[in-house]
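These figures come from a predicted structure and were not determined experimentally. In this chain, numbering begins with 1 at the start of the sequence shown. Only heavy atoms go into these numbers, but all of them, side chains included; no hydrogens, no water, no symmetry mates.
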Amino acid sequence: CAVESLRRSSLVPYLRDYNTKTGIPKGVNMPKTFCVNTSCARGSQPIVSLVTRARGWKEEPIGNGRGNVQWVVTEDDLEQTLAMIQKRKKKQLEKRVARIPGMHKLCHKVAFARLMNTMKAADPDNFAFWPKTWIVGGTNAMGPGGASDGGPGLPPPSVFKKGPLIYKPDEGGQGDGIYLILSKTDLERRLQYCNNHTAVLQRYLPNPLLINGEFKFDLRMYVLVLSLEPLRVFICREGLVRVCVDPYQAPTNKNIHKVTSHLTNYSLNKLASNFEHEDDPSCGSAGTKRCMDATFRYLHEEGLIDREQVWADIRACVAQTTSAMQPCLMEDKERKPWSKEQYKGRHDQPPVFGEIWGYDRVLPEDPNCCFNILGFDIMLDSKGKPTLLEVNVNPSLVVDTVYPVTGPQGAYVPPPSELPPEGAPLHTLAHACFEQLGSKTGKKVPCKCMSHHRPHVHRPCLCDLQAKSQAVLGALEIIQRDVRGNFTGRELAARTAYEPLYEEVQEQEEKDQQV
């Protein structure tokens with residue numbers, strides 16, 4: 001059966017503790033059926049469908065409101081799903097929705113910078129992982145410690161004398177619109193080109209840790225926010241490492257155009273002719289995309305990081321960030337809501353719920369019926385200290401990669417026979433993913449979709465499958481148990497790739513108070 005096949009493949013080691021006939025953790029009584037509705041999953045549908053079917057659960061591809069989990073992506077889909085759930089009140093307690101109201105706009109660059117700048121000003125020691133960030137464009141400019149004096153929409157002139165900065169548009173993603181800024185003139189030109197739209201200006205990390213001695217990289221961490229009240233957060237022990245394809249050089253006017261030396265975004269680096277398709281999840285020493293666990297092991301063996309200390313610092317970073325986000329996502333029923341006009345341009349205050357969700361939109365009757373898988377982008381400095389770059393509300397869950405077949409970027413395309421053989425890790429998911437890709441695999445003609453500007457073919461990416469299947473499957477396992485209720489954070493995360501985070505902190509604080 002599918003569960004037994006997954007267990008043999010060692011895709012997720014914790015499946016060894018499952019009853020292979022029922023797919024239920026040993027010693028735990030769970031509902032006989034568990035259903036995931038993927039009708040609104042959009043780009044997340046392939047991996048959600050793969051792990052749901054492989055786990056032996058039921059997938060509902062039709063938007064009929066059926067299913068224990070409603071996997072949604074957009075705010076409009078979220079609002080429609082919440083309205084649909086409220087019409088079925090008898091089964092509402094069994095429903096979970098894969099998006100928290102307000103989380104989408106809170107993770108926009110400007111709103112998130114407003115929040116983190118406020119927190120760092122109030123508690124600089126515990127928020128030292130947040131780099132200095134300024135809000136530029138629009139009506140105001142706001143920095144880490146107060147108002148701007150650099151002119152309309154500009155930070156103080158002294159900012160440009162202390163090193164390079166990165167310009168990020170408010171709603172940008174996948175590397176789109178990101179530029180290195182070296183001077184006030186560069187910023188003025190960029191703002192003029194972008195019609196003075198609001199953006200953030202973030203201090204460029206001057207001393208990044210380099211992998212293989214010459215390449216810049218960052219981490220994509222997967223974090224599950226299970227509920228807001230109480231705040232229950234879980235961090236996935238597996239993630240992705242995204243490596244630049246060109247050697248790192250300190251940014252100057254002569255090399256800032258080499259984006260694949262400075263920016264780690266996969267969407268940019270995949271277009272380079274020297275993109276390295278090293279697709280062994282257990283290899284942390286090669287490849288433009290690698291699995292985090294294997295890479296941490298490699299860096300530790302090379303003496304570049306203390307693995308346990310780095311993980312402890314990352315946990316603290318995620319715990320502080322999610323605890324800061326919680327109040328913004330909670331509806332304040334006692335305070336009279338401000339209008340949008342009152343909040344316009346107030347970059348010196350963190351966002352509130354009414355601003356990021358709206359006061360006239362549908363709300364869940366039970367706020368804890370919503371959860372979110374977030375993508376934390378973190379970079380390590382030369383001493384192994386983490387810097388939080390941003391938080392993504394909709395981290396990419398795509399599990400295939402592209403091989404161009406024409407032009408100077410043409411690459412060797414692995415045939416289907418090179419997929420993992422039976423009994424090998426990821427065999428079941430890799431073959432299912434290949435079949436799921438259909439004509440995109442180039443069975444007849446190369447694919448010409450928007451994934452690459454040249455004709456290409458798609459293949460399963462084993463590193464993506466390893467990291468994202470554990471993130472999605474582990475989250476669904478936790479939710480399935482939580483539907484039953486009365487489980488501690490450790491019990492919910494048992495035999496998954498996740499470990500409890502903020503709930504664990506709360507438990508320790510309660511014990512300390514009792515003592």
Original post:
Between Pro164 and Ile166, is any pair of side-chain heavy atoms under 4.5 Å apart?
Top reply: no
Subject >> 4.5 Å side-chain heavy-atom contact, Trp71 and Ser44 >> reply: yes
Subject >> Side chains of Tyr266 and Thr401, donor plus acceptor under 3.5 Å >> reply: yes
Original post:
Among His277, His456, His458, His452, whose ring pair (Phe, Tyr, Trp, His ring centres under 6.0 Å) with Tyr403 holds?
Top reply: His277
Original post:
Is the Lys NZ or Arg CZ of Arg190 less than 6.0 Å from the centre of Tyr179's six-membered ring, within 45° of the axis?
Top reply: yes
Original post:
Any luck finding a side-chain donor-acceptor pair between Glu60 and Gln70 under 3.5 Å?
Top reply: no
**OP:** Before giving the answer on ring pair (Phe, Tyr, Trp, His ring centres under 6.0 Å), spell out for Tyr222 and Phe234 the whole-Å C-alpha distance, their side-chain angles and the decisive distance to 0.1 Å.
**Re:** CA-CA 9 Å; Tyr222 298 101; Phe234 299 79; over 10 Å; no
Original post:
Mind checking what makes salt bridge (Lys or Arg N to Asp or Glu O under 4.0 Å) contact with Glu238, not counting sequence neighbours?
Top reply: none
Original post:
Is it true that the side chains of Thr288 and Asn269 contain a donor and an acceptor less than 3.5 Å apart?
Top reply: no
**OP:** Step by step, work out the side chain to side chain contact (heavy atoms under 4.5 Å, CB included) result for Asp279 and Cys463.
**Re:** CA-CA 6 Å; Asp279 218 13; Cys463 288; 4.0 Å; yes
**OP:** Return yes if some donor-acceptor pair links the side-chain N/O of Asn37 with the main-chain N/O of Ile62 below 3.5 Å, else return no.
**Re:** yes
Original post:
Are the charged groups of Arg42 and Asp77 less than 4.0 angstrom apart, N to O?
Top reply: yes
Original post:
If you measure only the distance, is there a donor-acceptor pair under 3.5 Å linking the side chains of Ser382 and Asn207?
Top reply: yes
Original post:
Are the charged groups of Arg307 and Asp293 less than 4.0 angstrom apart, N to O?
Top reply: yes
Subject >> side chain to side chain donor-acceptor pair (under 3.5 Å) pairs, two or more places apart, involving residues 440-451 >> reply: none
Original post:
Is it true that Glu302 and Arg297 make a salt bridge, defined as a side-chain N closer than 4.0 Å to a carboxylate O?
Top reply: no
Original post:
Do Phe371 and Arg96 touch side chain to side chain, with heavy atoms closer than 4.5 Å?
Top reply: yes
Subject >> Heavy-atom closest pair, residues Gly102 and Ile356 >> reply: O-CD1, 3.3 Å
Subject >> Tyr167/Trp134 aromatic ring centres below 6.0 Å >> reply: no
Original post:
Is there a side chain to side chain donor-acceptor pair (under 3.5 Å) between Trp57 and Asn68 once you walk through the steps?
Top reply: CA-CA 11 Å; Trp57 292 326; Asn68 302 91; over 6 Å; no
Subject >> Considering all heavy atoms, the nearest Cys328-Pro351 contact >> reply: SG-O, 3.2 Å
**OP:** Look only at the side chain of Trp357 and the backbone of Val362, and say whether a donor-acceptor pair between them is shorter than 3.5 Å.
**Re:** yes
**OP:** Would you check if the side chain of Asn372 reaches a backbone N or O of Ile100 as a donor-acceptor pair within less than 3.5 Å?
**Re:** yes
Original post:
Got a second to check how far Leu115's CG is from Thr321's OG1, nearest 0.5 Å?
Top reply: 8.5 Å
Original post:
When rounded to the nearest 0.5 angstrom, what distance separates CG in Leu389 from OG1 in Thr387?
Top reply: 7.0 Å
Subject >> Distance-only donor-acceptor check, side chains Tyr248 and His262, under 3.5 Å >> reply: no
Subject >> Chi angles and distances behind the side chain to side chain contact (heavy atoms under 4.5 Å, CB included) call for Val136, Thr198 >> reply: CA-CA 6 Å; Val136 298; Thr198 308; over 6 Å; no
**OP:** Run the numbers on Val97 and Ile85 for side chain to side chain contact (heavy atoms under 4.5 Å, CB included), then give the verdict.
**Re:** CA-CA 10 Å; Val97 185; Ile85 291 176; 3.4 Å; yes
Original post:
Are side-chain heavy atoms of Met221 and Ile378 found at a separation under 4.5 Å?
Top reply: yes
Subject >> Asp246 (side chain) donor-acceptor with Lys258 (main chain) under 3.5 angstrom >> reply: no
Original post:
Does a donor on one side chain and an acceptor on the other come within less than 3.5 Å for Asn265 and Ser267?
Top reply: no
Original post:
Just by modelled atom types, is the Leu363 backbone N or O under 3.5 Å from a matching donor or acceptor in the Gln86 side chain?
Top reply: yes
Original post:
Is a side-chain N or O of Arg203 found less than 3.5 angstrom from the main chain of Pro131, in a donor-acceptor match?
Top reply: no
Original post:
Thinking salt bridges, do Glu276 and Lys289 make one under a 4.0 Å N-O criterion?
Top reply: no
Original post:
Any side-chain donor paired with an acceptor under 3.5 Å for Gln202 and Lys168?
Top reply: yes
Subject >> Gly407 to Arg454 - nearest heavy-atom pair and separation >> reply: CA-NH1, 3.9 Å
**OP:** Go through the side-chain N and O atoms of Arg53 and Ser49 and say whether any donor and acceptor fall under 3.5 Å apart.
**Re:** yes
Original post:
Does the side chain of Thr74 come under 3.5 Å of the side chain of Asp76 through a donor N or O and an acceptor N or O?
Top reply: no
Original post:
Would a 4.5 Å heavy-atom cut-off, applied to side chains only, mark Pro460 and Leu437 as touching?
Top reply: yes
Subject >> Asp400 bridged to Arg459 by N-O distance under 4.0 Å >> reply: no
Subject >> Under-4.0 Å salt bridge between Glu499 and Arg237 >> reply: yes
Original post:
Does a side-chain heavy-atom distance below 4.5 Å link Leu388 with Asp377?
Top reply: no
Original post:
What closest approach, in Å, do Gly384 and Ile305 show between heavy atoms, and which atom pair accounts for it?
Top reply: CA-CG2, 4.5 Å
Subject >> Distance-minimising heavy-atom pair for Ser39 and Pro61 >> reply: CB-O, 3.3 Å
Original post:
Under 3.5 Å, side chain of His108 to main-chain N/O of Glu171, donor-acceptor pair present?
Top reply: no
**OP:** Report the C-alpha separation of Met116 and Thr133 in whole Å, then their side-chain angles, then the decisive distance to 0.1 Å, and conclude whether the side chain to side chain contact (heavy atoms under 4.5 Å, CB included) test is met.
**Re:** CA-CA 9 Å; Met116 298 303 289; Thr133 304; over 6 Å; no
**OP:** Check the side chains of Asn212 and Tyr298 for a donor-acceptor pair under 3.5 angstrom, ignoring hydrogens and angles.
**Re:** yes
Original post:
Any ion pair linking Asp218 and Arg242 (charged N to carboxylate O, less than 4.0 Å)?
Top reply: yes
Subject >> Validation row: Leu78, Pro101 side chains within 4.5 angstrom (heavy atoms) >> reply: yes
Subject >> Distance (rounded to the nearest 0.5 Å) between Phe129 CZ and Ile314 CD1 >> reply: 12.0 Å
Original post:
Could you give the distance from CD1 (Ile373) to NZ (Lys468), rounded to the nearest 0.5 Å?
Top reply: 12.0 Å
Original post:
Can you name the closest pair of heavy atoms from Lys105 and Ala111 and give their distance?
Top reply: O-CB, 3.3 Å
Original post:
Does a side-chain heavy-atom distance below 4.5 Å link Ser469 with Leu50?
Top reply: no
Subject >> Under 3.5 Å donor-acceptor, His104 side chain and Asn394 backbone >> reply: no
Original post:
Are side-chain N/O atoms of Thr38 and Glu59 paired as donor and acceptor at under 3.5 Å?
Top reply: yes
Subject >> Test: Asp280 and Arg290 ion pair at under 4.0 Å >> reply: no
